[in-house]
Every structure is written in C-alpha cells, then in structure tokens.
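Heads up: the structure comes next, in structure tokens.
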Amino acid sequence: MSRSNLKTLAAQEIRRRIFAGELRPGTKIDQDAVAEELGISKLPVREALITLDHEGVVEHIARRGAYVAELTRDDIRDQYRVFGLVSGLAAERAAKSLSPESLQGLADLADRAESCADPAEQERLNFEFHRRINHGSDARRLISILRTFGKTVSHGFYEAHEDWPAKACEDHRRIVEALLARSGDRARKAVERHFAAGAERAVALLEAQGFWDRV
C-alpha cells in the first residue's frame, strides 16, 4: 500500500474513533499506539494528523503533541449539513440529467440496501447510492467539492447507529421518488433533510457516549 493510502487509512481510523466517541475533546492522540494497531509506520500517522488538523478535528499543540479538538455540537451539525447542501445541489441537477437506466439502478440499490442486514455492506451501498447521484449531476465542480467533503466524513456510521439503516432506507426511497418524478426541488430538499437527520443522529450518539463530558 502506498504512503498516501496509508495516510488515508490512518486518517479514516482516527476520524472514526473521534466521531464514534472513542476519543473525546482534549484527549491526546497516541501516535505510536495508532501506528502499532494499524500495523504501519509512524510517518503516515503524523501526516494523517496534519490532514485532520486542517479539517479542524485535531489540534496540534507545540512540544506536546496532537489532541482531539474541542468540537461542539454545532461543529458536528455543520459538517453534515454543509455536505448535505452541496449534495442537494447535485441531486437537483441529477433529477434532470440521470438516464432512465441510471434511475432504475438507484432504485435497485435502494432495494438491496433495504434487504441487507450487514452494516458494512449497507454503508458500501449507501456510498454507491450517493456517488451515482453526485456523478449524475454532470457538474464537475460539485463532484470535486463532494469528493473532498467525502474524505472528511467518518466511516462506520451504519455500525455505530443501529437505528440508522431503517431511517436511511426511508430517506433513500424519498430521494428516488423525487428523482423519478424529475423534481429537482424535491430531490434537493430530500437530500438536505437526509444529511440533517444524519447530523442529529451523530450528535445524539456522541452525547450518549459522553463525548462532551469533561474527563
């Protein structure tokens, strides 16, 4: 695996631990432990922490190391909602440009996710569902922005939020219905609501895990 991929792997794992509530604000991140657990060298872990610092998730303190940033509830909401706003714009465009075959493919993906019981596979199908809508927008700038946003969202959402798969399937149905109706406005609003709901789920999970409790 290339160094770039190792850095991405480390960033995904540290981000997952933060947004799963395993690492709380103010907690020092043990770079050696992360490297050992992932079976990689410390260099890609250090590079990953620099990336996360740019995202505002990690804070570097001179001569002390890297710490989980003091994220607020609104920081979590903002991350999801901004992602949702741009995704909504892509869905609005896709409602006009997706082919009938592509629309049927999205409906089939929604069916597969609804009948799937494996969280990891559900997450993969969810990623593919949104990826197809985004690329169906034929908007290069939106796709580029969403690709960047996608790297900052924690993986493992379906595993951490046990009640999310049913809600996600319901939301995906509404999105597909809007796209089939060629209603850009409905599609945009359905996607925005989907991400807003994800934001509230993420905040609720972190609260339940004591993310904002002082250690």
Side-chain angles (χ1 to χ4, degrees), residues 1-20 38 40 44-45 47-58 69 71 75-99 101-103 105-106 108-110 112-113 119-161 164 168 171-172 175-176 178-179 184 187-199 201-202:
M1 189 179 291
S2 70
R3 199 172 89 186
S4 175
N5 287 337
L6 290 175
K7 181 187 78 171
T8 298
L9 172 68
Q12 287 177 346
E13 176 58 17
I14 296 168
R15 193 185 294 113
R16 184 199 66 76
R17 294 182 186 186
I18 292 171
F19 288 101
L38 293 178
I40 61 178
V45 176
E47 293 175 337
L49 290 170
I50 292 171
T51 296
L52 295 171
D53 182 77
H54 291 159
E55 292 177 15
V57 177
V58 166
L71 298 167
D75 287 331
I76 305 299
R77 292 184 177 106
D78 290 345
Q79 180 178 7
Y80 281 89
R81 287 177 177 172
V82 171
F83 199 179
L85 287 172
V86 184
S87 297
L89 287 174
E92 185 175 49
R93 302 278 186 86
K96 307 298 182 184
S97 59
L98 281 169
S99 68
E101 293 77 17
S102 295
L103 288 169
L106 283 170
D108 291 343
L109 274 176
R112 287 168 59 191
E121 178 64 7
Q122 287 173 328
E123 187 144 9
R124 189 193 70 76
L125 292 171
N126 174 75
F127 175 85
E128 180 63 16
F129 180 83
H130 288 287
R131 188 192 70 81
R132 291 191 189 184
I133 294 174
N134 296 341
H135 282 268
S137 69
D138 285 333
R140 287 194 298 175
R141 284 301 300 146
L142 290 180
I143 294 169
S144 176
I145 293 168
L146 287 166
R147 188 178 296 117
T148 299
F149 276 147
K151 295 175 182 177
T152 71
V153 174
S154 173
H155 293 241
F157 199 85
Y158 279 71
E159 294 178 2
H161 303 255
W164 180 247
D171 288 352
H172 288 176
I175 294 168
V176 169
L179 292 171
R188 174 177 54 77
K189 290 177 179 176
V191 169
E192 289 177 2
R193 285 193 293 266
H194 176 57
F195 278 86
R201 284 291 200 291

Per-pair distances, 0.1 Å, donor-acceptor, side chain in residues 143-150, under 3.5 Å, sequence neighbours excluded:
{"from": "Thr148", "atom 1": "OG1", "to": "Ser144", "atom 2": "O", "distance (Å)": "3.3"}

* For the residue pair Phe83 and Phe195, categorise the inter-ring angle as parallel (less than 30°), tilted (30 to 60°) or perpendicular (more than 60°). =>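 Because their plane-to-plane angle lies in the 30° to 60° range, the rings of Phe83 and Phe195 count as tilted.
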Which atom pair, heavy atoms only, marks the closest approach of [X] to [Y]?
| X | Y | answer |
| --- | --- | --- |
| Asp53 | Val58 | OD1-O, 3.0 Å |
| Phe129 | Leu106 | O-CD2, 3.5 Å |
| Val191 | Ala91 | CG2-CB, 3.6 Å |
| Arg81 | Ala196 | NE-CB, 4.2 Å |
| Pro44 | Ile40 | CG-CD1, 4.0 Å |
| Gln122 | Ala113 | NE2-O, 3.9 Å |

**Item:** Point-to-point distance, once rounded to the nearest 0.5 Å, from CG of Leu109 to NE2 of His130
**Value:**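 Leu109 CG to His130 NE2: 10.5 Å, rounded to 0.5 Å.
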Gap separating the CZ atom of Arg93 from the CG atom of Asp138, nearest 0.5 angstrom:
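So the CZ of Arg93 and the CG of Asp138 are separated by 10.0 Å.
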Just so I know, are the side chains of [X] and [Y] near enough to count as touching, which here means a heavy-atom distance under 4.5 Å?
| X | Y | result |
| --- | --- | --- |
| Gln12 | Arg16 | no |
| Arg112 | Glu128 | no |
| Glu92 | Leu89 | yes |
| Asp171 | Arg193 | no |

In sequence, state the C-alpha distance, the side-chain angles, and the governing distance for Arg15 and Ile18, and then conclude on side chain to side chain contact (heavy atoms under 4.5 Å, CB included). CA-CA 5 Å; Arg15 193 185 294 113; Ile18 292 171; 5.8 Å; no
So, Ser137 side chain and Ala94 main chain: donor-acceptor pair closer than 3.5 Å or not? no
Q.
Keeping Glu47 on the side-chain end and Ala10 on the backbone end, is there a donor-acceptor pair under 3.5 Å?
A. no
- Task: Mind running side chain to side chain contact (heavy atoms under 4.5 Å, CB included) on Asn134 and Leu142 for me, showing each step along the way?
- Result: CA-CA 8 Å; Asn134 296 341; Leu142 290 180; over 6 Å; no
#### Entry: Pair Arg124 + Glu121, salt bridge at N-O below 4.0 Å
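A salt bridge links Arg124 with Glu121.
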Hits for side-chain hydrogen bond (donor to acceptor under 3.5 Å, both in side chains) against Asp78, two or more places apart or cross-chain, chain-then-number order -> none
